[in-house]
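Okay, so here's the structure we're looking at.
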Amino acid sequence: MHALKKNRPLRRIVLASAATVSGMVLLLSLKPHTGPTLATADTKSPTVSSSSAPSSGSSGSSGGSSGSSGGSASGAKVSKTVTGDTVQTRWGPVQVRVTIKSGKLTEVTAVQYPQDNPRDQEINSYALPQLRREALAAQSADIDMVSGATYTSTGYKQSLQSALDSAGL
(Lines give C-alpha, C1' and ligand atoms only; values in the text may rest on other atoms or scores of the structure.)
Protein backbone atom coordinates (compact mmCIF):
# COMPACT_ATOMS: atom_id res chain seq x y z
CA MET A 1 0.00 0.00 0.00
CA HIS A 2 1.17 3.46 -0.81
CA ALA A 3 1.39 6.07 1.98
CA LEU A 4 -0.39 8.73 -0.06
CA LYS A 5 -3.51 6.80 -1.10
CA LYS A 6 -6.49 8.93 -1.93
CA ASN A 7 -8.68 7.31 0.72
CA ARG A 8 -6.37 8.64 3.51
CA PRO A 9 -6.36 12.45 3.16
CA LEU A 10 -5.29 13.04 6.78
CA ARG A 11 -2.03 11.16 6.20
CA ARG A 12 -1.31 13.36 3.16
CA ILE A 13 -1.95 16.51 5.19
CA VAL A 14 0.37 15.37 7.97
CA LEU A 15 3.17 14.47 5.52
CA ALA A 16 2.78 17.75 3.62
CA SER A 17 2.85 19.73 6.87
CA ALA A 18 5.93 17.87 8.10
CA ALA A 19 7.72 18.51 4.80
CA THR A 20 6.81 22.21 4.95
CA VAL A 21 8.01 22.56 8.54
CA SER A 22 11.25 20.73 7.73
CA GLY A 23 11.86 22.98 4.75
CA MET A 24 11.27 26.13 6.81
CA VAL A 25 13.61 24.92 9.58
CA LEU A 26 16.36 24.26 7.04
CA LEU A 27 15.80 27.61 5.39
CA LEU A 28 15.86 29.53 8.66
CA SER A 29 18.93 27.69 9.95
CA LEU A 30 21.10 29.07 7.14
CA LYS A 31 23.48 31.75 8.39
CA PRO A 32 23.69 34.52 5.82
CA HIS A 33 26.97 36.30 5.35
CA THR A 34 27.17 39.85 6.62
CA GLY A 35 25.51 42.26 4.25
CA PRO A 36 27.56 44.05 1.65
CA THR A 37 29.13 47.23 2.98
CA LEU A 38 29.61 50.42 1.10
CA ALA A 39 33.18 50.67 -0.16
CA THR A 40 34.50 54.01 1.07
CA ALA A 41 37.99 55.36 1.32
CA ASP A 42 39.40 55.45 4.81
CA THR A 43 40.04 59.01 5.90
CA LYS A 44 42.97 58.13 8.15
CA SER A 45 46.38 58.53 6.62
CA PRO A 46 48.74 55.54 6.56
CA THR A 47 50.95 55.03 9.59
CA VAL A 48 54.70 55.28 9.17
CA SER A 49 57.27 54.26 11.77
CA SER A 50 61.03 53.92 11.59
CA SER A 51 63.15 51.64 13.74
CA SER A 52 66.43 53.42 12.96
CA ALA A 53 66.40 56.73 11.16
CA PRO A 54 69.65 58.57 10.45
CA SER A 55 69.42 62.22 9.44
CA SER A 56 69.81 61.33 5.75
CA GLY A 57 67.17 58.56 5.94
CA SER A 58 64.48 60.35 3.95
CA SER A 59 66.74 61.14 1.02
CA GLY A 60 68.44 57.74 1.13
CA SER A 61 65.22 55.75 0.87
CA SER A 62 64.21 57.27 -2.47
CA GLY A 63 67.48 56.33 -4.13
CA GLY A 64 68.28 53.24 -2.08
CA SER A 65 67.10 50.77 -4.70
CA SER A 66 68.97 52.36 -7.59
CA GLY A 67 72.44 52.23 -6.09
CA SER A 68 74.18 51.09 -2.95
CA SER A 69 77.36 53.10 -2.73
CA GLY A 70 79.84 53.10 0.13
CA GLY A 71 77.89 55.90 1.86
CA SER A 72 74.82 53.77 2.47
CA ALA A 73 76.89 50.75 3.51
CA SER A 74 78.75 52.70 6.21
CA GLY A 75 75.54 54.11 7.77
CA ALA A 76 73.00 52.21 9.79
CA LYS A 77 70.43 50.21 7.83
CA VAL A 78 67.12 52.04 7.73
CA SER A 79 64.11 49.92 8.54
CA LYS A 80 60.74 51.54 8.00
CA THR A 81 57.34 50.03 8.77
CA VAL A 82 54.32 51.48 6.98
CA THR A 83 50.68 50.51 7.36
CA GLY A 84 48.54 51.03 4.28
CA ASP A 85 44.99 52.32 4.08
CA THR A 86 42.12 50.09 5.15
CA VAL A 87 40.28 49.02 2.00
CA GLN A 88 36.62 48.04 2.43
CA THR A 89 35.75 45.04 0.27
CA ARG A 90 32.48 43.23 -0.17
CA TRP A 91 33.38 40.68 2.53
CA GLY A 92 35.22 42.97 4.96
CA PRO A 93 38.20 45.28 5.43
CA VAL A 94 41.70 44.51 4.16
CA GLN A 95 44.80 46.32 5.44
CA VAL A 96 48.48 45.59 4.84
CA ARG A 97 51.63 46.56 6.76
CA VAL A 98 54.99 46.56 5.00
CA THR A 99 58.55 46.73 6.28
CA ILE A 100 61.19 48.32 4.08
CA LYS A 101 64.89 47.96 4.78
CA SER A 102 67.49 49.78 2.67
CA GLY A 103 64.92 50.56 -0.02
CA LYS A 104 63.77 46.92 -0.36
CA LEU A 105 60.48 45.39 0.64
CA THR A 106 61.41 42.83 3.32
CA GLU A 107 58.11 41.97 5.02
CA VAL A 108 54.41 42.18 4.16
CA THR A 109 51.77 41.42 6.78
CA ALA A 110 48.00 41.46 6.45
CA VAL A 111 46.80 43.42 9.48
CA GLN A 112 43.08 43.18 8.70
CA TYR A 113 41.30 40.73 6.44
CA PRO A 114 37.88 39.06 6.28
CA GLN A 115 37.61 36.27 8.85
CA ASP A 116 33.96 36.37 9.93
CA ASN A 117 33.04 32.87 8.82
CA PRO A 118 34.74 29.56 8.03
CA ARG A 119 34.67 30.22 4.26
CA ASP A 120 36.55 33.52 4.70
CA GLN A 121 39.10 31.76 6.88
CA GLU A 122 39.53 28.98 4.33
CA ILE A 123 40.00 31.39 1.43
CA ASN A 124 42.43 33.63 3.30
CA SER A 125 44.47 30.71 4.64
CA TYR A 126 45.73 30.06 1.12
CA ALA A 127 45.33 33.51 -0.46
CA LEU A 128 47.27 35.67 2.02
CA PRO A 129 50.53 33.65 1.96
CA GLN A 130 50.40 33.59 -1.83
CA LEU A 131 49.81 37.37 -2.02
CA ARG A 132 52.67 37.93 0.43
CA ARG A 133 55.08 35.82 -1.67
CA GLU A 134 54.03 37.66 -4.84
CA ALA A 135 54.56 41.08 -3.22
CA LEU A 136 58.00 40.19 -1.87
CA ALA A 137 59.06 38.75 -5.23
CA ALA A 138 57.73 41.68 -7.26
CA GLN A 139 58.91 44.36 -4.77
CA SER A 140 55.78 46.29 -5.77
CA ALA A 141 51.99 46.12 -5.72
CA ASP A 142 51.97 44.79 -9.29
CA ILE A 143 51.05 41.26 -8.25
CA ASP A 144 48.73 38.57 -9.61
CA MET A 145 45.27 38.04 -8.16
CA VAL A 146 44.53 34.78 -6.34
CA SER A 147 41.83 32.72 -7.99
CA GLY A 148 38.84 32.37 -5.67
CA ALA A 149 39.92 35.35 -3.53
CA THR A 150 39.22 38.21 -5.90
CA TYR A 151 37.90 40.69 -3.34
CA THR A 152 40.69 40.00 -0.85
CA SER A 153 43.30 40.22 -3.63
CA THR A 154 41.95 43.56 -4.83
CA GLY A 155 41.89 45.02 -1.31
CA TYR A 156 45.37 43.63 -0.60
CA LYS A 157 46.81 45.22 -3.74
CA GLN A 158 45.19 48.61 -2.99
CA SER A 159 46.38 48.66 0.63
CA LEU A 160 49.85 47.49 -0.43
CA GLN A 161 50.07 50.27 -3.02
CA SER A 162 48.98 52.80 -0.39
CA ALA A 163 51.69 51.61 2.00
CA LEU A 164 54.36 51.67 -0.70
CA ASP A 165 53.32 55.16 -1.76
CA SER A 166 53.55 56.37 1.86
CA ALA A 167 56.99 54.79 2.17
CA GLY A 168 58.19 56.54 -0.98
CA LEU A 169 58.73 53.42 -3.09
Side-chain angles (χ1 to χ4, degrees), residues 30-169:
L30 288 176
K31 303 268 190 231
H33 200 283
T34 57
T37 57
L38 182 62
T40 59
D42 193 9
T43 57
K44 293 194 304 184
S45 63
T47 308
V48 178
S49 66
S50 294
S51 61
S52 123
S55 61
S56 63
S58 62
S59 64
S61 65
S62 63
S65 63
S66 61
S68 55
S69 62
S72 67
S74 65
K77 299 233 179 211
V78 176
S79 177
K80 189 188 312 186
T81 301
V82 182
T83 302
D85 290 335
T86 301
V87 178
Q88 293 295 329
T89 67
R90 179 177 179 180
W91 304 119
V94 177
Q95 187 176 29
V96 175
R97 177 180 298 130
V98 299
T99 302
I100 295 143
K101 188 177 269 187
S102 300
K104 290 199 177 254
L105 188 60
T106 58
E107 184 59 44
V108 181
T109 308
V111 179
Q112 290 184 39
Y113 52 91
Q115 49 190 342
D116 292 338
N117 62 47
R119 182 68 177 141
D120 287 340
Q121 294 168 7
E122 178 187 353
I123 289 171
N124 291 322
S125 69
Y126 71 85
L128 293 176
Q130 190 170 343
L131 290 166
R132 179 184 175 275
R133 280 192 303 273
E134 291 266 342
L136 290 173
Q139 292 290 306
S140 72
D142 186 22
I143 58 177
D144 292 334
M145 305 277 274
V146 176
S147 178
T150 306
Y151 292 105
T152 300
S153 297
T154 302
Y156 194 97
K157 285 176 68 169
Q158 289 175 0
S159 184
L160 178 60
Q161 186 62 58
S162 165
L164 293 174
D165 289 345
S166 297
L169 288 180

With a 4.5 Å heavy-atom cut-off, do [X] and [Y] have their side chains touching?
{"X": "T150", "Y": "M145", "result": "yes"}
{"X": "V96", "Y": "Y113", "result": "no"}
{"X": "V146", "Y": "L131", "result": "yes"}
{"X": "L105", "Y": "L136", "result": "yes"}
{"X": "T99", "Y": "S79", "result": "yes"}

List the steps and the verdict of salt bridge (Lys or Arg N to Asp or Glu O under 4.0 Å) for R132 and E107. CA-CA 8 Å; R132 179 184 175 275; E107 184 59 44; 3.0 Å; yes
Drop me the distance from [X]'s [atom1] to [Y]'s [atom2], to the nearest 0.5 angstrom.
{"X": "E134", "Y": "K157", "atom1": "CD", "atom2": "NZ", "answer": "9.5 Å"}
{"X": "I143", "Y": "S153", "atom1": "CD1", "atom2": "OG", "answer": "7.0 Å"}
{"X": "Q88", "Y": "Y151", "atom1": "CD", "atom2": "OH", "answer": "14.5 Å"}
{"X": "T83", "Y": "Q112", "atom1": "OG1", "atom2": "CD", "answer": "10.0 Å"}
{"X": "W91", "Y": "T152", "atom1": "CH2", "atom2": "OG1", "answer": "10.5 Å"}
{"X": "T106", "Y": "K80", "atom1": "OG1", "atom2": "NZ", "answer": "12.0 Å"}

Backbone N/O of [Y] and side chain of [X]: donor-acceptor pair under 3.5 Å:
{"X": "S159", "Y": "D85", "answer": "yes"}
{"X": "T109", "Y": "V111", "answer": "no"}
{"X": "N124", "Y": "P114", "answer": "yes"}
{"X": "S166", "Y": "S162", "answer": "yes"}

Is it the case that the side chains of Q161 and D165 hold a donor-acceptor pair, with the cut-off being a distance below 3.5 Å and no angle test?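 Looking only at side-chain atoms, Q161 and D165 do form a donor-acceptor pair, the distance falling under 3.5 Å.
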For a side chain to side chain contact (heavy atoms under 4.5 Å, CB included) check, start with the C-alpha distance between R97 and V82, then their side-chain angles and the critical distance, and finish with the verdict. CA-CA 6 Å; R97 177 180 298 130; V82 182; over 6 Å; no
